[in-house]
Protein chains: 2
Amino acid sequence: MRVSTKGRYGLRVALELALRYGGSPVPVREIAENQGISEKYMEHLISILKNAGLVKSVRGAKGGYVLSLPPSRITLLDIIKPLEGELSPVECVDNPGICDRSSTCVARDIWRRVKERVEGILRSITLQDLVDEHNRRVSAGFMYYI
Amino acid sequence: MRVSTKGRYGLRVALELALRYGGSPVPVREIAENQGISEKYMEHLISILKNAGLVKSVRGAKGGYVLSLPPSRITLLDIIKPLEGELSPVECVDNPGICDRSSTCVARDIWRRVKERVEGILRSITLQDLVDEHNRRVSAGFMYYI
DNA sequence: AAAATTCCTACCACGTCAATAGGTTTTCGG
DNA sequence: CCGAAAACCTATTGACGTGGTAGGAATTTT
């Protein structure tokens with residue numbers, strides 16, 4: 001039941017772009033450095049987000065990436081889905097034809113509920129929520145050291 | 001975010017044992033035949049359930065497996081956990097030390113909530129619930145053909 | 001004794017994931 | 001106009017987990 005690094009890293013990328021929303025385009029190199037992830041791999045991940053229409057690119061020098069929508073209008077599900085594919089624990093939830101027991105299978109119902117809940121959580125949280133929470137923690141951490 | 005065949009098959013095995021709870025021990029061969037799964041592989045899976053204390057074995061001829069508790073006292077989480085391991089979408093939920101950002105990571109909180117929800121669902125359903133639902137469907141299917 | 005069954009350990013083939021490599025194209029600044 | 005900075009594209013690789021197999025040893029019933 002693990003999310004791959006695509007989903008994990010991708011979420012961190014999106015958060016970084018959200019924190020800098022409204023500013024100049026952010027090059028992959030910067031994100032990769034901040035996150036301690038290979039630049040080349042990051043490039044690959046962000047191209048998935050681009051194809052999904054979540055980020056826009058600016059080519060050439062001084063280029064980089066920006067979110068194509070305000071953080072408040074992007075849910076975590078929007079980000080995770082293109083990176084991870086369907087969030088079903090089992091194939092037959094999305095594709096009943098794969099198993100001839102699907103129509104009466106009691107297990108399938110369980111897996112369907114699991115998927116719905118997971119999607120529900122991710123859909124209910126926006127990037128802006130994460131930004132707010134992040135800022136709360138940073139300022140709390142700052143206060144702590146005074 | 002997929003559950004492996006271990007979890008899927010294991011759940012079906014448990015359901016079969018639950019349907020036959022109170023009867024004589026069920027040999028692996030029978031379960032494997034009913035489910036269309038390799039006997040050898042099934043053997044391996046059921047030994048995991050045995051080590052977890054969910055089923056008891058009776059060795060020798062006329063032997064087999066039985067649930068070690070009534071179906072109403074076994075939750076789906078009890079079954080899935082030994083087969084699949086922790087249900088965390090990311091490692092750091094169970095093992096914060098793996099990442100030095102854990103203490104302030106906003107993403108980690110999300111993944112923790114996902115895990116809690118998934119576990120919550122699986123913990124709220126017992127094998128007896130599945131048995132009841134199964135029986136309901138069987139009799140409904142029967143009525144349908146009259 | 002023979003058959004049925006659990007139990008144990010090792011092995012392997014395959015696919016996916018994570019990552020790397022090596023370029024080509026576009027754009028800005030001077 | 002040139003060079004640097006950046007996105008973009010395609011292919012390849014290495015490692016690992018998953019799913020499944022093999023062969024036999026131990027235990028119990030008939």
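Letters A, B, ... are given to chains in the order of the sequence lines, protein chains preceding strands, and every chain is numbered from 1.
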Original post:
Any ion pair linking D78(A) and R73(A) (charged N to carboxylate O, less than 4.0 Å)?
Top reply: no
Outer limits of DNA chain D sitting under 4.0 Å from a non-hydrogen atom of chain B, read 5' to 3', are dG19(D) to dT29(D)
Its contact letters, B for base, S for sugar-phosphate only and - for none at protein heavy atoms under 4.0 Å, make nucleotides 22-30 of chain C read BB-BBBS--
M42(A) CE to dA19(C) C1', in whole Å, measures 12 Å
What I want to find out is whether R137(A) reaches E133(A) closely enough, with some N-O distance under 4.0 Å, to be called a salt bridge. yes
Margin query: Side chains of D132(A) and Q128(A) only: does a donor on one sit below 3.5 Å from an acceptor on the other?
Written below: yes
Rounded to whole Å, CG of L45(A) lies from P of dC17(C) at a distance of 12 Å
Ion pair present between R113(B) and E116(B), side-chain N to carboxylate O less than 4.0 angstrom?
no
Atom NE2 of H44(B) and atom P of dC8(C) are separated, to the nearest Å, by 12 Å
| Is there a side-chain contact between R101(B) and Q35(A), using heavy atoms and a 4.5 Å cut-off? | yes
dA19(C) OP1/OP2 closer than 4.0 Å to side-chain N/O of S38(A): no
### Task
Would you tell me if any nitrogen or oxygen in the side chain of S57(B) comes within less than 4.0 Å of OP1 or OP2 on dC7(C)?
yes
So CD of E43(B) and OH of Y65(B): to nearest 0.5 Å the spacing works out to 6.5 Å
Heavy-atom nearest nucleotide on DNA chain C taken for V26(B) and for I37(A); more 5' hit belongs to V26(B)
Applying side chain to side chain donor-acceptor pair (under 3.5 Å) to R29(B) and not counting sequence neighbours gives none
Taken to the nearest whole Å, CD/E33(B) to C1'/dA4(C) is 14 Å
